[in-house]
Amino acid sequence: MFDFQKLTVYQKAKDFQNKSSELIKSHSFDRITKDQLKRASLSIMLKIAEGTARTTRKDRRHFYVIARGSVFECAAIIDHLADNQAISTDLKDALFADLEELSKMLFALIGKLGEFRKMY
């Protein structure tokens with residue numbers, strides 16, 4: 001087993017990616033939206049995995065920051081789909097709950113690896 005597979009945040013990212021894949025298969029979204037959601041959801045778990053392979057705190061932090069950016073990208077796509085009635089509000093809320101949890105977990109990992117400056 002690889003180190004990244006032991007991380008709860010990786011397991012949750014993998015679960016979200018599986019949910020995203022099922023969503024894409026079960027709905028008829030346009031090709032660009034499907035591609036973006038597939039790439040962004042996959043990027044979360046891939047960047048977490050890649051970050052664990054890095055040897056410095058700064059490098060690990062960098063990949064976790066990118067993973068968190070992909071979480072936000074997924075949230076924007078889901079928000080867009082809900083706004084256009086392509087998915088239900090209930091589904092949006094459920095997916096947002098998963099994404100919020102991932103965001104918080106990544107934020108905590110990032111915080112442990114380096115200092116944050118508050119951005120307003």
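Because only heavy atoms are used, hydrogens play no part in the values below, and waters and symmetry mates are left out as well, while side chains stay in. Everything numeric here is computed off the predicted structure, so don't read it as measured data.
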Closest heavy-atom pair and its distance - [X], [Y]:
| X | Y | result |
| --- | --- | --- |
| L102 | A13 | CD2-N, 3.6 Å |
| S70 | S43 | OG-OG, 2.9 Å |
| Y10 | F4 | CB-O, 3.1 Å |
| A86 | H27 | O-CD2, 3.4 Å |
| F63 | G51 | CB-CA, 3.6 Å |
| Y64 | I48 | CE2-O, 3.6 Å |

Is a side-chain donor or acceptor of [X] paired with a backbone partner of [Y] at a separation under 3.5 angstrom?
| X | Y | value |
| --- | --- | --- |
| S103 | L99 | no |
| R54 | R61 | no |
| Q11 | K6 | no |

Nearest 0.5 angstrom please: [X] [atom1] to [Y] [atom2], how far?
| X | Y | atom1 | atom2 | answer |
| --- | --- | --- | --- | --- |
| Q17 | L37 | CD | CG | 9.0 Å |
| R39 | C74 | CZ | SG | 13.0 Å |
| I77 | I32 | CD1 | CD1 | 11.5 Å |
| K14 | Q5 | NZ | CD | 6.5 Å |
| F16 | N18 | CZ | CG | 10.5 Å |
| D83 | I78 | CG | CD1 | 11.5 Å |

For residues [X] and [Y], determine if any side-chain heavy atom of one lies less than 4.5 Å from a side-chain heavy atom of the other.
| X | Y | answer |
| --- | --- | --- |
| K38 | S21 | no |
| K92 | L95 | no |
| V9 | L106 | yes |
| L23 | L91 | yes |

Query raised in the report: Is there a side chain to side chain donor-acceptor pair (under 3.5 Å) between R60 and T52 once you walk through the steps?
Result: CA-CA 6 Å; R60 281 193 305 276; T52 62; over 6 Å; no

Query raised in the report: Checking salt bridge (Lys or Arg N to Asp or Glu O under 4.0 Å) for the pair K47/E50: CA distance, chi angles, key distance, verdict?
Result: CA-CA 5 Å; K47 294 307 173 197; E50 191 170 357; 3.3 Å; yes

Query raised in the report: Salt bridge check: are E22 and K19 linked by an N-O gap of less than 4.0 Å?
Result: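 Between K19 and E22 there is no salt bridge, as every charged N stays at least 4.0 Å from the carboxylate O atoms.
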
Query raised in the report: Do NZ/NE/NH1/NH2 and the carboxylate oxygens of R31 and D35 come within less than 4.0 Å?
Result: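 Salt bridge flag = no for D35 with R31.
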
Query raised in the report: Given the rule that I, L, V, M, F, W and Y join up when any side-chain heavy atoms are under 4.5 Å apart, are I24 and L46 in one cluster?
Result: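 Yes.
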
Requested in this report: Say whether L109 and I66 are linked into one hydrophobic cluster, either directly or through other cluster members, by side-chain heavy-atom distances under 4.5 angstrom.
Outcome: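 Shared cluster, no.
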
Requested in this report: Assess whether side-chain contact (heavy atoms from CB on, under 4.5 Å) is satisfied between I87 and F29, documenting all intermediate values.
Outcome: CA-CA 10 Å; I87 61 171; F29 306 135; 3.8 Å; yes

Query raised in the report: Counting heavy atoms not belonging to K34, are there more than 12 under 6.0 Å from its NZ?
Result: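 Yes, because the 6.0 Å sphere around NZ of K34 holds more than 12 heavy atoms from other groups.
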
